[in-house]
2 protein chains.
Amino acid sequence: MYTYQEMLSVLNSGGYRLTDQRLSLLRVLETFGGSFSALDFEKKASEMEPSIGRATLFRAIDLFLERGILEKIHRQSGDDVYIVGSKGHHHHIICRVCGEIRDIDACPFERELEEVIRKEGFSSTIHRIEIEGICESCQIRGTEGNYGPIA
Amino acid sequence: MYTYQEMLSVLNSGGYRLTDQRLSLLRVLETFGGSFSALDFEKKASEMEPSIGRATLFRAIDLFLERGILEKIHRQSGDDVYIVGSKGHHHHIICRVCGEIRDIDACPFERELEEVIRKEGFSSTIHRIEIEGICESCQIRGTEGNYGPIA
DNA sequence: ATTTTTGCAAACCTTTTGCATGGAA
DNA sequence: TTCCATGCAAAAGGTTTGCAAAAAT
């Protein structure tokens, strides 16, 4: 997960203007531990900096996604959530109870992916892999009974 | 990809009422070769059966998803599209030029997934894997220059 | 006869847009 | 001083809802 300084230098080196609003939004991002929705972000942002308009926030989200400061994750539920980005190619494992999202570094699927792609004759490929389940702490808390099996 | 008869029997065995609208919608699904948006579906449905209301269509989509008659695919672009379902656990490889979606049967990632899940201590997991690239025909057509690299 | 399903239209909710103002470089 | 970024408020866009009528079992 990028630090404030790293996020800042991504913006800076991209030639983007360092406005108060953008810097405030980076500060807001620092405070998120796990995943959050656009609305979570908006809410927290307007608590910390009430003057930030909705349009600015959504434009910042687009920019942050483009620059990798944010990553968007598509949940099984259909909701999109965001997390603060991190370096390099990686995937995520998500707890559907507490919402924790961990990075899986060093994609363990490269070999099999290459095989599939070769077989299908595709080029210029990207892949998305998301794993969703119940993390250890939530298993211990015994909450898994509240969640049915998922197709 | 399920045939009309298979889709019908899924509905039937689920105890759902076989209304004209639902049967018409299955007929519409038969006509799709590849992926389509909810709006594509609505458009085609109201051509083939003008009396079908929007709410009915969206309610049917939910039902079809639940029963596996449809599968929802989240594109890199952020759009959700649908395809007619097929049996068993599988993944998809999507051409970002022509939109073709092929099933990858027999998940080639089981071993590595198990390893990751064990290492992270997760239980009750599901996974989604989507591969997006350019299919052979579209490579030959030379259209890949129109599409920039994707993060 | 009972219960599900439908159609309509309005409501909803998140995201986007146009445009004049303000601020960074 | 130039162009990028912002805020506002309105519009957009896709999806969902409430309800009375219609249809399936």
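In this text, all values refer to a predicted model and were calculated from it rather than measured experimentally.
- Aromatic ring centres of B/His89 and B/His127: separated by under 6.0 Å.
- Per the geometry, CG belonging to B/Leu57 stands 13 Å off C1' belonging to C/dT6, to the nearest Å.
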*Taking protein heavy atoms under 4.0 Å as touching, what does nucleotides 13-25 of chain D look like 5' to 3' if B marks base contact, S marks sugar-phosphate-only contact and - marks none?*
-SBBBB----BBS
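- Residue A/Gln21 contributes atom CD, which lies 18 Å from atom P of C/dT21 at whole-angstrom precision.
- For the pair A/Phe41 CZ and C/dT14 P, the interatomic distance rounds to 16 Å; values are reported in whole Å.
- What separates CG of A/Leu23 from C1' of D/dA5 is a distance of 13 Å, to the nearest Å.
- Rounded to whole Å, the distance from CG on A/Leu65 to C1' on C/dT15 is 13 Å.
- Contact annotation: A/Thr56 reaches the phosphate of D/dG7 (side-chain N/O to OP1 or OP2, under 4.0 Å).
- The nearest whole Å value for the distance from the CZ atom in A/Phe36 to the P atom in C/dT14 is 16 Å.
- Atom CD1 of A/Ile52 and atom P of D/dT6 are 9 Å apart (whole Å).
- We find that CG of B/Asp80 is positioned 13 Å from P of C/dT15, with the value rounded to whole Å.
- Taking the centre and axis of the six-membered ring of B/Tyr4, the NZ or CZ atom of B/Arg27 falls inside the cone set by 45° and 6.0 Å.
- Note: B/Phe41 and B/Phe64 have tilted aromatic rings, judged against thresholds of 30 and 60 degrees for the angle between ring planes.
- Note on A/Glu130 versus A/Arg128: no salt bridge recorded, every NZ/NE/NH1/NH2 to OD/OE distance being 4.0 Å or above.
- Geometric assessment of A/Lys44 against the ring of A/Phe36 yields a negative cation-pi assignment under the 6.0 Å and 45° thresholds.
- The existence of a salt bridge linking A/Arg111 and B/Glu112 is excluded, since no basic side-chain nitrogen approaches an acidic carboxylate oxygen closer than 4.0 Å.
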